[in-house]
Amino acid sequence: MRNILLTIVGVFALIGTFTGCDSIQKVVTPEKGVAPETIGPVKIGFLASGSRVTYPNGAKIAVAEINATGGLLGVPVELVTEVGIPTPEAAVEVASRMILDDGVIALVGPNRSAHAIPIGALATEHSLPMITTTATNPTLTDASDFVFMAAFTDAYQGAVMARFARTELGLTSVALLTQSGEIYSEGISEFFVTNFTAAGGTIAAREFYEIVDTDFTEQLTRIAAATPEALFIAGWVQQVGSITQQARALPLLNAAGEPTRLLGTDTWDNPILLDNADAEVEGSFFSGHFSAAVDKPTGKAFVEAYQAEYGELPLGGHAVSYDATKVMLTAIERAGSLDGEAIRAQIAATENYIGATTIASYNENRHPTKSAVIFTITNGEKQFYKQINP
């Protein structure tokens with residue numbers, strides 16, 4: 001594995017990560033505080049679904065940091081990664097292989113709720129602690145108390161965007177376009193509707209589309225008839241470009257004859273959107289997990305480390321992947337053991353974690369208390385707009 005150049009709070013270290021012995025499948029800790037009886041590394045599984053193939057980058061920085069200080073309980077940590085996972089079924093197959101063949105003692109990820117839910121059931125079956133990355137549906141921790149989230153929930157994200165639309169932008173009428181049958185898209189849409197209407201707003205129209213759709217003219221035409229002030233698009237970024245292009249071509253206008261404002265979610269924080277020449281997202285707003293414009297020392301240190309290693313600024317998913325891995329490693333360190341139950345208890349006890357983002361604590365549902373970020377797109381570029389604290 002290549003060396004990772006870290007810049008952590010002003011300390012620079014060129015370090016080497018460790019490769020493990022494939023024959024070592026399990027690490028045994030006789031008791032708390034006693035070094036593992038193993039000649040191999042502590043293995044942590046990291047899963048990334050869909051197009052988020054660079055999410056392991058954030059986790060690799062967290063692993064490199066711990067290895068630079070001697071590893072966990074005196075042995076190095078190895079990150080076992082799988083990216084581009086296409087389906088929930090494939091996600092379960094990958095997680096099973098990591099547990100049974102690679103001998104991982106914990107799982108970090110994935111980033112999609114529909115993939116995280118069945119993996120959570122598998123992790124529970126094996127008593128393995130698991131922390132998801134940017135998966136945000138609140139039901140994904142229902143599997144058991146072994147499953148935790150590192151990202152805010154859709155309940156919080158939906159409320160943030162609804163309140164922002166109603167109070168900050170002063171909108172009274174919003175339409176929604178939702179991917180049918182997708183737990184993330186349908187879930188966050190419901191949370192947006194509940195909070196927007198509770199704040200006195202009106203839902204002008206609600207339309208749905210299928211994942212295979214490329215022509216959204218029929219849905220957008222019905223939305224246009226309602227002349228909403230804004231359109232909230234809850235779906236994957238691959239469809240957002242076509243939806244926004246077709247909305248502007250229609251054109252989609254409010255009652256005053258002005259272009260309807262576009263609102264989005266954390267899925268928009270993806271280079272695929274801004275690199276899409278067909279996307280018409282100028283002036284839109286969307287929620288996110290992290291901004292590289294962060295002013296906290298630990299956040300700055302993460303940004304500097306990421307830039308030094310990868311030559312670009314990190315996205316929210318990279319930051320959350322770093323934090324999920326860091327919380328897991330810190331919990332193992334505090335537990336002084338590789339026992340799943342001991343690690344689970346220490347994750348639950350997390351308080352005032354400060355990394356790329358912050359986690360004040362975990363509630364009884366193993367959801368973190370943390371802030372969200374609002375971005376806007378100006379002159380074709382993503383710009384930090386404001387931070388929303390819980």
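Remember, it's a predicted structure, so these values are computed and weren't measured experimentally. The figures here come from the full heavy-atom set of this structure, side chains too, leaving out hydrogens, waters and symmetry mates.
- Note on I272 and L274: same hydrophobic cluster, where clusters join Ile, Leu, Val, Met, Phe, Trp and Tyr whose side-chain heavy atoms are under 4.5 Å apart, directly or indirectly.
- Each of T265, T178, N137 was evaluated against Y184; a single residue qualifies, T265, per the side chain to side chain donor-acceptor pair (under 3.5 Å) test.
- Of the possible polar contacts, none joining the E312 side chain to the Q307 backbone as a donor-acceptor pair under 3.5 Å is found.
- The hydrophobic cluster containing F191 does not contain I117, counting ILVMFWY residues as joined when their side-chain heavy atoms lie under 4.5 angstrom apart, directly or transitively.
- Across I66 and V77, no two heavy atoms sit closer than the pair CG2-CG2, 3.8 Å.
- Counting only heavy atoms from C-beta outward, the side chains of Y55 and T134 approach each other to under 4.5 Å.
- Proximity of a side-chain donor or acceptor of D269 to a complementary backbone N or O of G316 within less than 3.5 Å is detected.
- No donor-acceptor distance shorter than 3.5 angstrom exists from the side chain of E280 to the backbone of T244, with no hydrogens or angles considered.
- Both Y209 and L252 are part of a single hydrophobic cluster, where members link through side-chain heavy atoms under 4.5 Å apart.
- A distance-only check finds a donor-acceptor pair linking the side chain of K43 to the backbone of D102 [under 3.5 Å].
- Of the possible polar contacts, none joining the T133 side chain to the V320 backbone as a donor-acceptor pair under 3.5 Å is found.
- Residue pairs meeting the salt bridge (Lys or Arg N to Asp or Glu O under 4.0 Å) criterion with at least one member in residues 158-178, sequence neighbours excluded, are E168-K386.
- With respect to the salt-bridge test (charged N to carboxylate O, under 4.0 angstrom), the residues R206 and E190 qualify.
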For V327 and I347, what are the C-alpha separation, side-chain angles and deciding distance, and is it a side chain to side chain contact (heavy atoms under 4.5 Å, CB included)? CA-CA 7 Å; V327 168; I347 299 172; 4.3 Å; yes
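- Atoms CG and CZ, on L47 and R112 in that order, are 13.0 Å from each other to the nearest 0.5 Å.
- The side-chain heavy atoms of I99 and L107, taken from C-beta on, include a pair separated by under 4.5 Å.
- Taken to the nearest 0.5 Å, the CD atom of E186 stands 8.5 Å off from the CD atom of Q179.
- H367 and T153 share no side-chain donor-acceptor pair at under 3.5 Å.
- Using a 4.5 Å cut-off on side-chain heavy atoms (C-beta onward), Q239 and L177 make no contact.
- The closest donor-acceptor contact from the side chain of Q346 to the backbone of I332 lies at 3.5 Å or more, if one exists at all.
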Derivation and outcome, side chain to side chain contact (heavy atoms under 4.5 Å, CB included), residues L329 and I44: CA-CA 9 Å; L329 296 176; I44 306 295; 4.2 Å; yes
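- In terms of heavy atoms, A151 sits closest to K370 at C-CD, 4.0 Å.
- Of the possible donor and acceptor atoms, one in the side chain of Q246 sits under 3.5 Å from a partner among the backbone N and O of T214.
- Residue P129 comes nearest to G340 through the heavy atom pair CD-CA, 3.9 Å, listed as atom of the first residue, atom of the second, then distance.
- Between Y306 and F302, the ring planes are tilted. Angles from 30° to 60° get that label.
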Going through the checks in order, is the side chain to side chain contact (heavy atoms under 4.5 Å, CB included) test met by L315 and T54? CA-CA 10 Å; L315 300 174; T54 61; 5.8 Å; no
Full working for side chain to side chain contact (heavy atoms under 4.5 Å, CB included) between R261 and N254: CA-CA 8 Å; R261 195 185 295 271; N254 62 22; over 6 Å; no
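- At least one side-chain heavy atom of E282 sits under 4.5 Å from a side-chain heavy atom of N379.
- Contact check for L176 versus L231: no side-chain heavy atoms found under the 4.5 Å cut-off.
- Here the closest non-hydrogen pair linking A372 and F152 is CB-CE2, 3.6 Å.
- Of the possible polar contacts, one joining the Y362 side chain to the M149 backbone as a donor-acceptor pair under 3.5 Å is found.
- Between atom CG of residue L250 and atom OG1 of residue T221 there is a gap of 4.5 Å, rounded to the nearest 0.5 Å.
- Between atom CZ of residue F232 and atom OG of residue S189 there is a gap of 6.0 Å, rounded to the nearest 0.5 Å.
- The closest side-chain donor-acceptor pair between T378 and Q383, if any, does not fall under 3.5 angstrom.
- Taken to the nearest 0.5 Å, the OH atom of Y156 stands 12.5 Å off from the CD1 atom of I188.
- A donor-acceptor pair shorter than 3.5 Å can be found between the side chains of T172 and E229.
- Heavy-atom minimum distance, A292 versus P314: CB-O, 4.2 Å.
- Between Y322 and F290, the ring centre distance reaches or exceeds 6.0 Å.
- Of the options F285, F286, W268, a ring-ring contact (aromatic ring centres under 6.0 Å, His included) to F375 is made by F286 and by none of the others.
- You'll find the side chain of T132 stays beyond 4.5 Å of the side chain of T141, heavy atoms only.
- Taken together through direct or relayed side-chain contacts under 4.5 Å among Ile, Leu, Val, Met, Phe, Trp and Tyr, F208 and F216 form parts of separate hydrophobic clusters.
- Take R222 and apply the salt bridge (Lys or Arg N to Asp or Glu O under 4.0 Å) test, not counting sequence neighbours, and it matches E207, E218.
- Of all non-hydrogen atoms in A106 and L128, the two that sit nearest each other are N-CD2, 4.0 Å.
- The side-chain hydrogen bond (donor to acceptor under 3.5 Å, both in side chains) search around T260 returns none, not counting sequence neighbours.
- In this structure, L262 and R248 have side chains that are in contact, with non-hydrogen atoms separated by less than 4.5 Å.
- Between R52 and N270, the closest side-chain pair of non-hydrogen atoms falls below 4.5 Å.
- In this structure, R366 contributes its side chain and I131 its backbone to no donor-acceptor pair below 3.5 Å.
- Using a distance-only test at 3.5 Å, with no hydrogens or angles considered, no donor-acceptor pair links the side chain of H289 to the main chain of D266.
- Following chains of ILVMFWY side-chain contacts shorter than 4.5 Å, one can reach L263 starting from I374, so the two form part of one hydrophobic cluster.
- Here S127 contributes atom OG and D339 contributes atom CG; the two are 8.5 Å apart, rounded to the nearest 0.5 Å.
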